[in-house]
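Each remark here refers to the structure printed beneath this line.
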Amino acid sequence: MRLRVRFSKLGKVRWISHRDVARCLERAFRRVDLPVAYSGGFSPRPKVSFGLALPTGAESAAEFFDVQLVTEIDVNALPARLSAALPVGIDVQAAIQIDDRAGSLQEEVVACRWELSVRSDTSFETVCARVNEALSAAELVVSRERKGVVVNDDIRPAILSLEALNAVGGSKGSPASAEKPPVTLVAAELATTTRGLRPAELASALGLDPAYVGLRRTHQWIERDGARIEPLALAGPLSAGLAAERLNGGQKRAG
Amino acid sequence: MSTLWPRVEALLATVQKPARYVGCEDGAVVPEHGPGIVSWLLLYPDTYEVGLPNQGLQILYELLNEQPDTAAERSYAPWIDMDKAMRTAGVPLFSVESHKPASEFDVLAFNLSAELVYTNVVNCIDLAGVPIHADKREPQHPLVIAGGHCTFNPEPLADFVDAFVIGDGEEVVTEIADVVRCWKTSGRGPREEVLRALARVPGVYVPSLYEVTYDGPRVASVTPKFPDVPARVDKRTIADLGAWPYPRHQLVPLTEVVHDRLNVEIFRGCTRGCRFCQAGMITRPVRERPADQVRTMVSEGLKRTGYDEVSLTSLSSADYSGIAEVVTGIIDDPACSGQVSVSLPSLRVDAFTVGIASEIQKVRRTGLTFAPEAGTWRLRTVINKLITEDDLYSAVDSAFSQGWRRVKLYFLIGLPSETDEDVLGIATLAGRCAELGRQHTKSATVVASVGGFVPKPQTPFQWFGQVGSAELNRRIYLLRDATKKMKGVNLKWHDSRATTAEGMASRGDRRMGAVIEDVWRSGGIFQEWSECFDIDRWNAALERHGLAAEEFVHRHRTRDEVLPWAHIGAGLHEDFLWQDWQDALAEAGLPDCRWTPCYDCGACTEFGIEHVVASPIPPAGGSQGTGQDLAVGGVVPTPVRMLATRGAAS
C-alpha cells in the first residue's frame, strides 16, 4: 500500500537539512515498526519519495512524502504514532492511502506559497515599495553561476503572487517565531516548474539579505482539472478523503 | 538562567551546518536548574559531529541527569565560522539543550580524548567569558574540570584547568558534585576552599596545589603545597562494568555525526599489552559486560533509537568471551528482522575474526581494516603486537576470498629501534597482501596507512625520544618509493609535523601551557584538522618561551629523571613499565595476562580488583600473542616465548 503523509517542520529543527529529515524519518519508521518496502540490490533503501526539498533554516507547515508499504496498516493511527517517534518540531498531521500509480510529488507540485519574515532594518514601507516595483516590472533578470557559466534568467514569470503584510496589524500569517518581535512579512506564491524560483532568490531580488529573512512554506500546490489543490489538505477527514479521491482519479480507496 | 537562543538563531543562517548548534537530539533532556542543584556543562572540545557520539560524555550526562540534585547539559566547540560570528555578535559559548551561557553553569567539564584539541579547550573557556587562567578566576566563575585519557599527563593544561579527573568517571562524578554543592550552598567562598576539598576526592588532581621545580629542561620535583593534598593521584577504576549499563538512552542526533549508530561497550580495558598503546595501559584490567546485558542493551537500544547498525565497542572486540555467540544472537534476533548490521571496531588480525566479520557484514563488503602496526616480526616483538605474518596473510586471504575488495592496514612509523628494514617491511607486507587479493579479485586494493608514533605517557615507551619530523619524512618517502610501482597498493600517511605538535602536547610539562596559549592566541584552533593545523605557530610559540622541541619531545629520557606525569598513577608499577621497556629493546614479547599467569603490572594488585571475563580460555584463531597456533581455539595456551631474563637488556 502506498501512503501520502503530511508533516510540519517548525522551531529549532528548521536548522536541520532535508537529508537530515529523511534520516530522522527512516529511524522513526523502524521505531514504530512501519512495514516499509525496501529497494533490492547491493544497498537496499526504503521506498520513500519526498517533494521539493525545503531549504535548511526554513520552516514549513506543509511538507509531504510518499511511502510504499509491504502490508496494510491503520492509516488513521499513523500520524500520532509517527509524531511520537520524531523530534520536537516535526509533526505528522495527516496520512492517506494513495493509488500506486498516482503521480509523484516531485512531478506534480507546481507552486509553493511562502512567507518571508524580514528581520533586517528595512522598513515596512520600503518592502512595500520593492514588492510593487517587482510586480510592475515587465521582467526581473537575475544571474547565477551554474557549472562555472553565468546564466541570466527572468524570474518575473515565476512570481505568481506577491504581497507585503505588516505582521503587527495584519490578520494573515504569524511571525516565523514567537520569540521574535513583530516583523514585516512578504507572502509569495512561487512557481516550481520550468524556471522555478527559490524564496532566497526572491529575497535577494527584493534587495533583502537572505541571512536576515525567515522563511516558512505554508502551502504546496498541485493542479487537478484546472483547480489548485494541496497534495493532502488538512481540513478534516472528509476533505482529506475527497482530496484522496481526486488524487486517485476517482478510484475508491482501499482500507 | 537565561537563554541565548534568539541571539544564537540570528547567526545560524550565516554558518555552515547550523544543525550543530540546535540540540534537539532524541535522548536529550532539558534539566531543571536551581540553587541546590549542581549544574554541569559537559564540553567536547571538537566539532559537534566528532563530539556527540563520545560515549564517556554521554554516560556522565545520563548519570548526572538521573540524580535529583545535579543537572547536565552539553556543548561542543563551535566551528571557525560560528566562533567568528559569535565573537562579532558578542554571543558567548552556550549549551545545546537550553542555549544557556556556559558561564552560568557551576562546572565546565571537558572530555579530553586527543591532545591536539588543547587549544580548543582554551578557546572554549575564553568564549564562555571565563578567564583562561585558573589562578585568575573568581568565586562566581565556573569550576573548569577535565577528564578522559589525556589527563594521564595533565601538566600541559595545568594553567587552564582547576581539577583533573583521572580514570573512570562513573563513581567520582557524583563525589565531585557533592563537594561543589557544599561550596555552592554555603555561598561560594574562595576558590581555594573548594579546590582543597576536591583534592581530597580520590582520583581528582588539582594542579594549583602542587609546586613544580625544574632543572633545566627537566622537571626536578612536583610537591604538594599542603599536607592533605596527595603526593600521587591514582586513577579511579570501576570494578564491574555490569553495574553501569550506560548509556541507557544513547543520544540520537538529528544530523549526521561520526559513528552514527548504536554503540554498546562490551568491555573496558585491554591486556594485550601493546607497548605503544596508552589506552591499553591506562584502562587495565579487562572488565567484560555480561553477555545478557549486552544483548539487552543492543535490543532495547535498537528499538528505542531506530538505528539499523550497532557497534560492539572496546579496545579489541574480537577478544570478548563468546563474541561469536553474541554477534549471531543479534543477527538472528527476530526483533531485529534481519535488517541490523553489527560492526566490530579494532578487529584482531586473524582468520577467525574475518569469519565473524563475514557473518555480520552480509552486504556492503567493501573494506576491512587490520592493524599490524609494524612491518617486521622483529619490530612487532618490540612493540608486543605479536601477530605473525601467517596471521596477517591468512586474515587477508580470508577477507578477499569472502568478497571484500579493499583491505586497509594500519602501521606506525617512528617506533623504538625501527630500522629501514622494518620500514620497508611495511611495503613487503602490503605488496604480498595485494598479491593474495588478486588471486580472488582483480580489483583488490590494499591501503597502507602510516601514522607517526608519539611515545605516550604511562606506557613502556614513555622514556623513548620521539623521532623528529624530518626523519619521519625520510622513512615515509622511503616507503613511498618502495610502494610506488606496487600494483594495488596505496600508501597514505599523516602529516609528520602534526605528530611533532602532538608530541609537545602529550609529553610536555607545565611550561607547555604558555605554548598552547600562544598557539591559541595566534588563531590556532582546530589543530587536529589538517586544514587548520600549522606547525609554524607551535614552533614560534616554543621559541618565544625559550623552549625546544628537542628537550620536550625528541630527547630520550632517563630512568632517574622525574617524568612530568610521575605524580599521576595509572596503576602500573614504575618498575613494571621500565622492565617492559627493557624487554622491548631485547625484543621479548609478553603474553596477555587474561589467559596466562599474572605478571603483576600493578593495575589489579594496586586497587584490589581483577579481570572480569566470562571465559578463562582465549577465543579461537590466530597466535593470540603467544606464538602458538591456536587456529582451533579452546585451548589454554602456555607462553612459549619466555620473558627475557630481567635486567639483561640494555
Side-chain angles (χ1 to χ4, degrees), chain A residues 9-36 38 40-46 55-59 70 82 84-90 117 119-120 175-181 200 203 208-215, chain B residues 3-30 48-49 82 85 96-99 251-257 260-262 300-309 334-341 362-366 403:
Chain A
K9 183 187 182 191
L10 302 169
K12 287 182 181 177
V13 290
R14 74 211 276 173
W15 295 107
I16 71 171
S17 69
H18 179 68
R19 235 182 109 237
D20 290 336
V21 172
R23 289 169 347 101
C24 284
L25 279 167
E26 282 178 33
R27 283 195 304 265
F29 294 159
R30 285 192 292 266
R31 287 171 64 176
V32 304
D33 290 324
L34 196 68
V36 177
Y38 274 77
F42 191 61
S43 182
R45 304 292 312 150
T56 302
E59 291 188 309
V70 290
L82 210 48
L86 283 164
V88 172
I90 298 182
S117 49
R119 298 205 184 105
S120 57
S177 161
E179 292 151 331
K180 296 280 176 221
L208 302 167
D209 183 347
Y212 294 95
V213 172
L215 297 178
Chain B
T3 179
L4 294 165
W5 173 248
R7 294 173 65 199
V8 171
E9 188 170 33
L11 307 176
L12 293 183
T14 64
V15 299
Q16 294 173 27
K17 302 189 184 178
R20 286 166 167 167
Y21 311 106
V22 301
C24 299
E25 304 88 351
D26 188 63
V29 289
V30 183
Y48 178 82
E49 54 273 32
M82 185 64 167
V96 296
E97 283 86 355
S98 55
H99 295 86
L251 295 169
V252 185
L254 304 189
T255 190
E256 207 159 4
V257 298
D260 199 2
R261 57 196 173 212
L262 182 69
E300 285 177 2
L302 289 172
K303 180 75 193 155
R304 202 190 57 76
T305 59
Y307 276 124
D308 60 353
E309 184 183 354
C336 300
S337 57
Q339 301 274 2
V340 171
S341 64
K362 297 233 187 312
V363 289
R364 294 177 216 168
R365 278 188 194 175
T366 47

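Within every chain, numbering begins at 1; the chains are lettered A, B, ... in the order of the sequence lines, protein sequences first and strands thereafter. As the structure is a prediction and not an experimental result, all values here were calculated from the model.
Between R27(A) and the choices T305(B), D26(B), V252(B), the side-chain contact (heavy atoms from CB on, under 4.5 Å) rule is met once, by V252(B).
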Assess whether salt bridge (charged side-chain N to carboxylate O under 4.0 Å, His left out) is satisfied between D260(B) and R23(A), documenting all intermediate values.
-> CA-CA 11 Å; D260(B) 199 2; R23(A) 289 169 347 101; 3.0 Å; yes
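Across every non-hydrogen atom of C24(B) and K12(A), the tightest pair is SG-CB, 3.7 Å. Minimum interatomic distance between A211(A) and A13(B) (heavy atoms only, all atoms of both residues): O-CB, 3.7 Å. When all heavy atoms of L254(B) and V13(A) are compared, the pair lying nearest together is CD1-CG1, 3.7 Å.
Residues E9(B) and R119(A) form no side-chain contact, since every pair of their non-hydrogen atoms from C-beta on lies 4.5 Å or further apart.
Atom CZ in R304(B) sits 6.5 Å away from atom CZ in R31(A) (nearest 0.5 Å).
Residue with the most contacts toward chain B among I16(A), V32(A), T56(A), D209(A): I16(A) (heavy-atom pairs, distance under 4.5 Å).
With a 4.5 Å cut-off on non-hydrogen atoms, R20(B) does not touch chain A at all.
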